[in-house]
Structures are given as structure tokens and as C-alpha cells.
Amino acid sequence: MKELELKYGCNPNQKPSRIYMADGSELPITVLNGKPGYINFLDAFNGWQLVKELKEATGLPAATSFKHVSPAGAAVGLPLTDTLAKIYWVDDLGELSPLACAYARARGADRMSSFGDFISLSDVCDVDTARLIKREVSDGVIAPGYEPEALELLKQKKKGNYNIIQIDPDYVPAALEHKEVYGVTFEQGRNELHIGDDFFDNIVTENKEMPKEAKIDLAISMITLKYTQSNSVCYVKGGQAIGIGAGQQSRIHCTRLAGQKADNWWLRQSPKVMGLQFLDKIGRADRDNAIDLYIGDEYMDVLADGKWEQTFKVKPEVFTKEEKREWLDKLTDVALGSDAFFPFGDNIERAYKSGVKYVAQPGGSVRDDNVIEACNSHDMVMAFTGIRLFHH
């Protein structure tokens with residue numbers, strides 16, 4: 001298949017729409033089910049690159065959950081703790097395959113943003129992963145292949161209209177890439193940057209102890225940023241992104257946004273949240289919404305009399321600001337990556353509040369000394385990569 005006609009472009013009024021190979025060759029994908037749209041393919045191709053590189057960097061199966069051409073979550077296939085399985089709503093599925101663990105982590109990091117996602121998988125989709133995907137609200141999936149039973153399960157989603165794409169894992173794109181804006185064609189070399197073990201060798205802080213696990217988390221952070229709309233910042237803990245701030249004009253706003261998402265991920269694991277008693281009829285998405293309100297500043301929207309009865313069996317106690325801070329102080333050894341340099345030390349101060357210990361950023365700001373000083377004051381380890389990772 002050399003081209004595929006789409007229903008419309010980014011919006012219904014943008015017609016005609018298609019994907020095709022400019023050199024007349026065959027498309028590297030096969031649509032096995034559904035009718036993916038323009039944005040679906042943008043998410044699919046960006047997500048596929050991300051998980052392919054995560055697999056190459058770590059040797060582990062990888063998954064990402066994309067929304068509007070940025071990842072809501074990305075992770076590798078490390079086993080889930082009992083706590084993570086519970087907050088990701090997969091504790092009833094038993095022991096999961098590494099690939100299913102990767103998607104549970106990618107989806108679970110920011111479930112509010114992942115609602116209606118497009119999924120990318122680094123490996124052949126197995127039955128465990130398909131079972132997990134089948135019960136989540138999602139637009140589609142791309143993978144290098146599908147086990148027969150897994151494919152049949154996925155075909156049942158969305159009344160048989162779930163988008164399932166198979167990509168040729170051996171496909172290599174051209175070295176030059178093009179896009180057109182306002183009738184003008186842009187050309188640039190593809191970002192083929194390899195992020196390996198030596199990427200974080202230039203440590204500029206007094207503390208220079210960076211364990212292997214931290215380097216893996218920083219690699220996950222930087223590879224995720226490589227396919228996140230800029231400006232962007234990514235917090236990673238234990239093999240998964242826990243907070244991604246994408247598309248902000250200000251670096252500190254990226255850091256705050258991603259930090260708040262990381263905080264929410266950790267707050268979900270607190271005894272207060274784990275002990276919430278939901279009504280049996282409340283589904284996963286409504287539970288996610290209720291938890292998001294409960295741990296935020298608008299908690300009375302779900303705790304007010306006449307409101308809590310619609311969600312909970314027992315009225316929860318308020319999760320006070322002091323209690324939340326006490327729990328957040330237990331989050332440690334978080335890795336943080338930035339796609340461009342930090343211009344001020346305020347980014348480090350905000351990151352520290354979310355347990356950040358390891359930082360990777362390009363460096364090159366006129367205030368690098370101020371940023372290094374801020375890291376030193378908190379005994380952080382920071383590496384200058386010398387490489388910017390803007391993505392648009």
C-alpha cells in the first residue's frame with residue numbers, strides 16, 4: 001500500500017487528507033482494524049520511535065501512552081509492586097507480562113491525560129497487554145505485531161472499530177525529513193541522536209555519584225523528551241515517567257506542571273488515597289477523576305455534603321496540605337530531564353520539592369553557575385549533556 005486516504009486532517013473541515021510515501025514506495029504500516037485518522041498517525045509514529053529507542057537503550061519492552069502528539073506516560077517493562085498494581089487498577093489481572101507492565105506504567109502515570117490515548121508498543125502485543133488495553137478508553141495501538149488471540153481481543157473494542165496498526169520494525173526512514181507550513185517546505189536531518197551510557201558522563205555538581213539505575217531513568221527521561229512537544233521537562237522514577245510537562249512557553253512552567261503530575265502520582269500511593277472506599281458502581285475513569293479532585297485544591301467538589309455520597313461509601317477525611325507535604329517528603333531519588341537548559345535555579349528548587357536527586361540538561365545558560373549552586377545546596381547530581389532536544 002503506497003498511500004492511505006484519511007477521513008480528514010487535524011479537524012473535520014481539513015480535507016482531503018492522506019498519508020503516503022513521497023518517493024512512491026510502500027508504506028511501512030498495515031492497518032489491521034479500524035480507520036485511523038491524521039492525529040492518530042501522528043501519535044502512532046512519534047510513539048513508535050519513542051518505544052523503539054527505549055527498548056534499544058534499556059533492553060526492556062517499552063510502551064507509551066500518547067495524546068495530541070506528546071506522551072502522557074512512557075515506561076519500560078519492570079514488574080509492578082502491589083501498590084502500583086492497585087493505583088493503576090490492574091491488581092485484578094494477576095501477574096502481567098513485561099510488556100503489559102510497561103503499558104500499565106505508561107497509562108498509570110497520568111491516567112487523567114491518558115484517557116482516550118494512542119498506544120505504542122515496542123514488542124509484539126501479547127494477550128496480557130491486549131486484556132489490559134481492551135478495558136481502557138483508548139483510540140488505538142501500534143506495534144510490530146500481534147499474537148492471534150491478542151488481535152481478536154483488540155478487534156472487539158469500540159464495537160469492532162478500534163484502530164490497530166502493525167508497523168514494519170525493520171523500516172528505516174530517510175535521513176532527511178520534510179514538513180510543509182503555509183505552503184513552504186521545511187527540510188532537516190532526522191534527529192538520530194543516540195542516548196547511551198556515556199550521555200551523562202559530564203557531571204558538573206559536587207556530588208558525582210550517579211548509580212546505574214539513575215542513568216537508566218535519565219535515559220528514559222531524555223528519550224521521552226525527544227518525542228515531546230517543546231518546551232518540555234520529564235520526571236522519571238523506577239523505569240517510568242511519572243510527570244511530563246509539555247508544550248509550555250516557560251521552562252519553569254514545564255517544571256511545575258511535570259512536578260505537579262509527579263506529586264499526584266506519589267500522592268495516589270498514600271494511605272489516605274489507597275484507603276478511599278468507592279461505591280461499587282464507580283468505574284475506573286470516575287475514580288481517577290475523584291482522586292484528582294481529592295488530592296487537589298478543589299477537594300470540596302467531591303467532599304461536600306450531597307457530593308461525596310455519589311462516589312464514596314464513607315465520607316473521606318480531608319487530605320490536608322500538611323499531610324500531603326509530609327507524604328511528598330518521602331518521595332526520593334527521582335530523575336529529571338530537560339530538553340533545553342535551565343535558565344534559573346528556580347527550576348531546581350521546584351524539582352527538589354518532588355524528590356528529584358538526579359538531573360540531566362544541556363547546560364549553556366549564562367546562569368549555569370546559579371543552577372549548579374542550587375543543585376549543590378540540595379546534594380543533587382547534575383549532568384550537562386550538551387545536546388538540546390527540541391521537538392515540534
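A quick note: this is a predicted structure, and the numbers were derived from the prediction, not measured.
Proximity of Leu193 to Ile387: side-chain heavy atoms (C-beta onward) are separated by under 4.5 Å at one or more points. Looking only at side-chain heavy atoms (C-beta outward), Asp301 and Lys307 stay at 4.5 Å or farther from each other. Using a 4.5 Å heavy-atom threshold, the side chains of Ile244 and Pro71 count as touching. Side chains of Lys226 and Leu50 form no contact here, defined as non-hydrogen atoms less than 4.5 Å apart. At least one side-chain heavy atom of Tyr146 sits less than 4.5 Å from a side-chain heavy atom of Ile164.
When all heavy atoms are compared, the tightest approach of Glu317 to Tyr294 is O-OH, 2.7 Å. Annotation for Phe342 and Val371: closest pair O-CG2, 3.5 Å, computed over non-hydrogen atoms.
Here the rule is side chain to side chain contact (heavy atoms under 4.5 Å, CB included) with Phe41, and of Ile142, Asn163, Ile19, Asn46 only Ile19 fits it. Results of the side chain to side chain donor-acceptor pair (under 3.5 Å) test with Arg268 over Asp263, Asp292, Asp288 single out Asp288 as the only residue that passes.
The pair Arg325-Asp329 meets the salt-bridge criterion, with a side-chain N (NZ, NE, NH1 or NH2) lying under 4.0 Å from an Asp/Glu carboxylate O. Contact check on Asp379 versus Lys357 returns a salt bridge, with a Lys/Arg side-chain nitrogen under 4.0 Å from an Asp/Glu carboxylate oxygen. Salt bridge Glu5/Arg18: absent, no basic N to carboxylate O contact under 4.0 Å. Electrostatic pairing of Asp305 and Lys315 counts as a salt bridge here, judged by a charged N lying under 4.0 Å from a carboxylate O. Between Arg135 and Asp92, at least one side-chain N (NZ, or NE/NH1/NH2) sits under 4.0 Å from a carboxylate O, which counts as a salt bridge. Under a 4.0 Å N-O distance rule, the pair Lys353/Glu349 does not qualify as a salt bridge.
Both Val359 and Ile242 belong to a common hydrophobic cluster when Ile, Leu, Val, Met, Phe, Trp and Tyr are linked at side-chain heavy-atom distances under 4.5 angstrom.
Ser138 places a side-chain N or O within 3.5 Å of a backbone atom of Asp117 that can act as its donor or acceptor partner. Side chain of Lys157 to backbone of Glu136: a donor-acceptor contact under 3.5 angstrom is found. In this structure, the side chain of Ser230 does not engage the main chain of Ser232 through any donor-acceptor pair within 3.5 Å. In this structure, the side chain of Ser65 does not engage the main chain of Arg107 through any donor-acceptor pair within 3.5 Å.
A donor and an acceptor atom, one from each side chain of Asn11 and Gln14, are located under 3.5 Å apart.
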Evaluate the side-chain hydrogen bond (donor to acceptor under 3.5 Å, both in side chains) criterion for residues Asp23 and Ser25: first the C-alpha distance (whole Å), next the side-chain angles of each, then the deciding distance (0.1 Å), finally the verdict.
CA-CA 6 Å; Asp23 63 1; Ser25 61; 2.6 Å; yes
Determine, step by step, whether Gln260 and Arg350 satisfy the side-chain hydrogen bond (donor to acceptor under 3.5 Å, both in side chains) criterion, reporting the C-alpha distance in whole Å, the side-chain angles of both residues, the deciding distance to 0.1 Å, and the verdict.
CA-CA 10 Å; Gln260 185 60 59; Arg350 174 59 189 87; 4.7 Å; no
Salt bridge (charged side-chain N to carboxylate O under 4.0 Å, His left out) for Asp339 and Arg251? Distances and angles first, verdict last.
CA-CA 10 Å; Asp339 65 355; Arg251 181 73 38 189; 2.6 Å; yes
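Between Tyr352 and His378, the angle of the ring planes stays under 30°, which puts this pair in the parallel group of the 30/60° scheme.
Taking the six-membered ring for Trp, Phe278 and Phe312 have ring centres closer than 6.0 Å.
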